[in-house]
Amino acid sequence: MTTKVTYSIPNISCGHCVHAIQSEVIDLPGVKSVKADQVLKVATIEFEPPASEEKIKELLESINYPVVG
Ligand SMILES: [Cu+2]
């Protein structure tokens, strides 16, 4: 089952952030798509196991883009 979640990531400030998030998160096993938006400061991520919300949040925090909310 694929899950699609939009995360609020206030640290997104420019195109570099968008690229960094998209290229890092897509490498997580189970992640199907990643679309970050520098205006809305969100990332919409589609994933299935073994990826999980917890693993995605841990990864984002480790690259200095913590999820808020
Ligand atoms: Cu940036």
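Indexing begins at 1, ligand by ligand and atom by atom, following the structure's order.
Summarising the hydrophobic clusters (Ile, Leu, Val, Met, Phe, Trp, Tyr; side-chain heavy atoms under 4.5 Å, direct or chained), the residues clustered with Val42 are Leu40.
Near-neighbour remark for the Cu ion (ligand 1): protein N, O or S atoms under 2.8 Å are Cys14 SG, Cys17 SG; waters not counted.
For Lys55 (side chain) and Pro50 (main-chain N/O), a donor-acceptor pair under 3.5 Å exists by modelled atom type.
Scored by the side-chain hydrogen bond (donor to acceptor under 3.5 Å, both in side chains) test, Gln22 finds no partners at all (sequence neighbours excluded).
The nearest pair of heavy atoms linking Val31 to Val34 is CG1-CG2, 3.6 Å. Taking each heavy atom of Ile21 and Leu60 in turn, the nearest pair found is CG2-CD2, 4.0 Å.
Applying the side chain to side chain donor-acceptor pair (under 3.5 Å) rule to pairs touching residues 3-16 yields Thr6-Thr44, Tyr7-Glu53, sequence neighbours excluded.
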